[in-house]
Amino acid sequence: MAKTSYNRAIQTVYTMWLREMIRFSRSRSRIIGALATPLFFLIILGAGFSSSFQVKGGGSFDKSFLAPGLIGMSVLFASLMGGVSIIWDREFGFLKEILIAPVSRFFVSLGKAMGGVTTAMIQGILIMIIAWIIGVRYQSIWGIFLAIVMMFISGIGFIGLGISIASKIESHEGFQMVMSFLTMPLVLLSGAFFPISNLPSWLKTLVYLNPLTYGVEALRWCLLGNSTIPISICITVLLAFSIAMTALGGKLFGKMRV
Amino acid sequence: MFLNRGESLIYPKIIDPIIMQYAIETTSITKNFDEITAVNRISITVKPGELFGLLGPNGAGKTTLINMLSTMIEPSGGSALVWGHDVVNGSDDVRQNIGVVFQDTTLDDRLTGRENLDLHGRLYGLDGKMRKERIKEVLSLVELTERADAIVKTYSGGMMRRLEIARGLMHHPKVLFLDEPTLGLDPQTRIHIWDYIKLLNKEEGVTILLTTHYMEEADQLCDRIAIIDHGEIVALDTPQALKNMLGGDVITLGFEKSDNIEKLCSSYQKEGCANTVSNNQNEILITVQNGEREIPHILALASGAGISITTVSLRKPTLDDVFIHFTGRAIRDKEVTISEKVSYTKIARRK
């Protein structure tokens with residue numbers, strides 16, 4: 001019996017993941033659109049910054065500096081969207097089909113999270129590859145593998161956040177507002193676009209309260225070999241964040257009414 | 001044969017359908033939304049294999065009742081057993097044994113029909129071989145085999161409804177809930193869907209509970225009908241028995257003015273030329289045996305009382321007449337009472 005329920009849990013997670021994958025593979029324009037924004041930043045800001053600024057202490061301030069930040073940004077966008085897409089499922093009715101099934105809600109939301117994080121990682125990896133093509137050099141092959149693990153951990157966290165928000169928002173009108181009030185501050189306060197070593201204290205507090213900061217810093221450490229925040233702290237914060245958000249998302253989704 | 005094949009492979013059979021007395025049994029089930037009582041102490045029983053209809057106007061509480069029976073919402077009071085399992089304490093067992101087709105579509109319209117069925121089969125624990133087999137069966141039942149690999153977005157309304165019925169059947173449910181299965185479909189498609197519903201009730205032996213506000217639908221399909229209004233059952237019987245209750249043919253009299261209609265009604269009853277009389281604005285509905293012979297008498301009484309009749313018609317009784325008889329108004333009357341309106345928007349907001 002215990003084996004049966006274990007199999008059912010795996011089957012539930014896999015089913016939800018499979019659905020996200022089929023949908024993802026059918027939306028090529030969405031993938032291209034999602035890649036365009038970070039690429040513009042990478043190419044244009046990278047060229048503009050490196051011709052005008054230098055990091056205090058001598059490091060170069062160019063597309064290599066920006067690449068981990070932009071990978072982090074696209075993982076954030078993709079995973080938040082993956083979580084919040086539950087609002088669409090509710091709007092178009094499919095959520096009822098899931099909620100009426102004799103399966104655990106927790107594993108449904110976990111499957112949704114796995115699907116979302118897979119798409120987020122695919123997008124992150126694509127940006128990593130494109131950045132390499134335009135000249136960004138990574139420190140080692142192990143660093144690249146570790147960076148993918150970091151994308152996974154932070155992606156899970158932001159999907160949990162997205163699912164929690166989606167479970168609480170009544171309509172999809174509220175969604176646009178939440179997204180713009182959430183994503184832009186998270187990206188701008190993450191150190192994706194500037195070094196965080198010499199910030200004024202008010203800004204430093206906000207940056208250090210932002211979970212994305214630790215994601216970007218961890219990626220920078222993995223890919224480039226240096227970071228302002230030690231990698232052990234980054235990993236601890238990211239793990240705590242993603243476990244907490246998965247629990248919260250699972251709990252709120254469990255209480256969700258159609 | 002179908003019943004046993006699916007069930008025995010997935011879960012051990014706990015309840016033998018032969019000894020089960022009722023597929024659905026509710027005891028004073030009640031649902032309150034704030035101050036509004038959407039379902040008020042309803043007690044019904046549905047036998048295994050029965051095709052049972054809930055007939056009533058919008059906002060009568062049909063969908064709320066189905067939502068409680070399908071474990072989507074919890075009752076505020078009373079209890080219900082579906083296939084022997086309590087809808088609150090045994091909700092997972094209830095879910096494994098039921099299929100639900102909701103009023104609005106619940107398909108993923110970016111997926112193909114086959115993918116929708118496959119995901120459903122996975123969620124209900126069907127293994128790969130069984131899914132493949134069952135998808136073939138249900139697709140041919142609703143005649144969607146040829147369009148199975150098209151994206152659902154390209155389907156017509158009728159095709160989507162058929163696909164949803166097919167999906168509801170994937171896991172061999174014992175009880176199928178159909179909430180307004182033909183709402184918004186054109187007449188031809190509606191008759192098609194009726195055929196499927198009858199077919200699967202017979203061939204798959206599945207117990208069906210459907211809601212509708214179409215009289216013909218309830219009349220055509222259901223073994224028994226519960227007429228529901230303001231959250232309560234006002235009548236429950238076979239369609240024929242409900243119509244027989246009125247006692248004969250229906251004569252409708254139209255008037256220019258509604259003055260003195262009440263008095264005329266009581267005189268018809270006194271004179272014995274009417275089994276039942278009900279009036280609805282400027283109309284009187286009379287039911288009586290051998291209506292053809294009673295018309296002259298009825299007209300004479302009216303002119304004797306100085307009331308001018310503008311129209312007279314005679315027909316066999318329909319469920320519409322039954323509804324008017326029990327509730328005092330037609331099911332399609334546009335007038336909606338304030339409490340109905342509130343409960344309707346409540347439900348709509350919850351969606």
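Labels below follow one simple rule: chain letters A, B, ... track the order of the sequence lines, proteins then strands, and each chain is numbered from 1. Every value quoted in this text rests on a predicted model; they were computed, and no experiment measured them. Computation of the quantities below employed the complete heavy-atom set of this structure, encompassing side-chain atoms and omitting hydrogens, waters and symmetry-equivalent molecules.
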Exercise for review: Report the distance from atom OG1 of B:T105 to atom CZ of A:F92, rounding to the nearest 0.5 Å.
Suggested key: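 Interatomic distance, B:T105 OG1 to A:F92 CZ, rounded to 0.5 Å: 10.5 Å.
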
Review point. How many angstroms lie between OG1 in B:T106 and CG in A:L95, if you round to the nearest 0.5 Å?
Key: 10.0 Å

Exercise for review: Answer with side chain, backbone, both or neither: which region of B:E115 has an atom nearer than 4.5 Å to a non-hydrogen atom of chain A?
Suggested key: side chain

Using every non-hydrogen atom in the two residues, find where [X] and [Y] come nearest and quote the distance to one decimal.
X	Y	answer
B:L126	A:Q11	O-NE2, 4.3 Å
A:P102	B:D92	CB-O, 3.8 Å
A:L99	B:R95	O-NH1, 2.8 Å
A:A101	B:Y124	CA-OH, 3.5 Å
A:F94	B:L107	CD1-C, 3.9 Å

Practice item. Spell out the residues in residues 20-39 of chain A that have some non-hydrogen atom less than 4.5 Å away from a non-hydrogen atom of chain B, in order of number; otherwise answer 'none'. Key: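 Checking residues 20-39 of chain A against chain B gives A:I22, A:R23, A:R26.
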
Review point. Among residues 108-128 of chain A, which ones touch chain B with a heavy-atom distance under 4.5 Å?
Key: none

Point to revise | Proximal component of A:I100, with respect to chain B [non-hydrogen, under 4.5 Å] | key: both

Practice item. Measure from the side-chain N and O atoms of A:R8 to the backbone N and O of B:L123, and report whether any donor-acceptor pair falls under 3.5 Å. Key: yes

Point to revise | Side chain A:R19, main chain B:D108, donor-acceptor under 3.5 Å | key: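 Absent.
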
Check your understanding: Taking atom CH2 of A:W132 as the centre, does the number of heavy atoms from other residues, nucleotides or ligands within less than 6.0 Å exceed 12?
Key ->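 Open.
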
Check your understanding: Do A:E97 and B:R167 come close enough that some side-chain heavy atom pair is under 4.5 Å?
Key -> yes

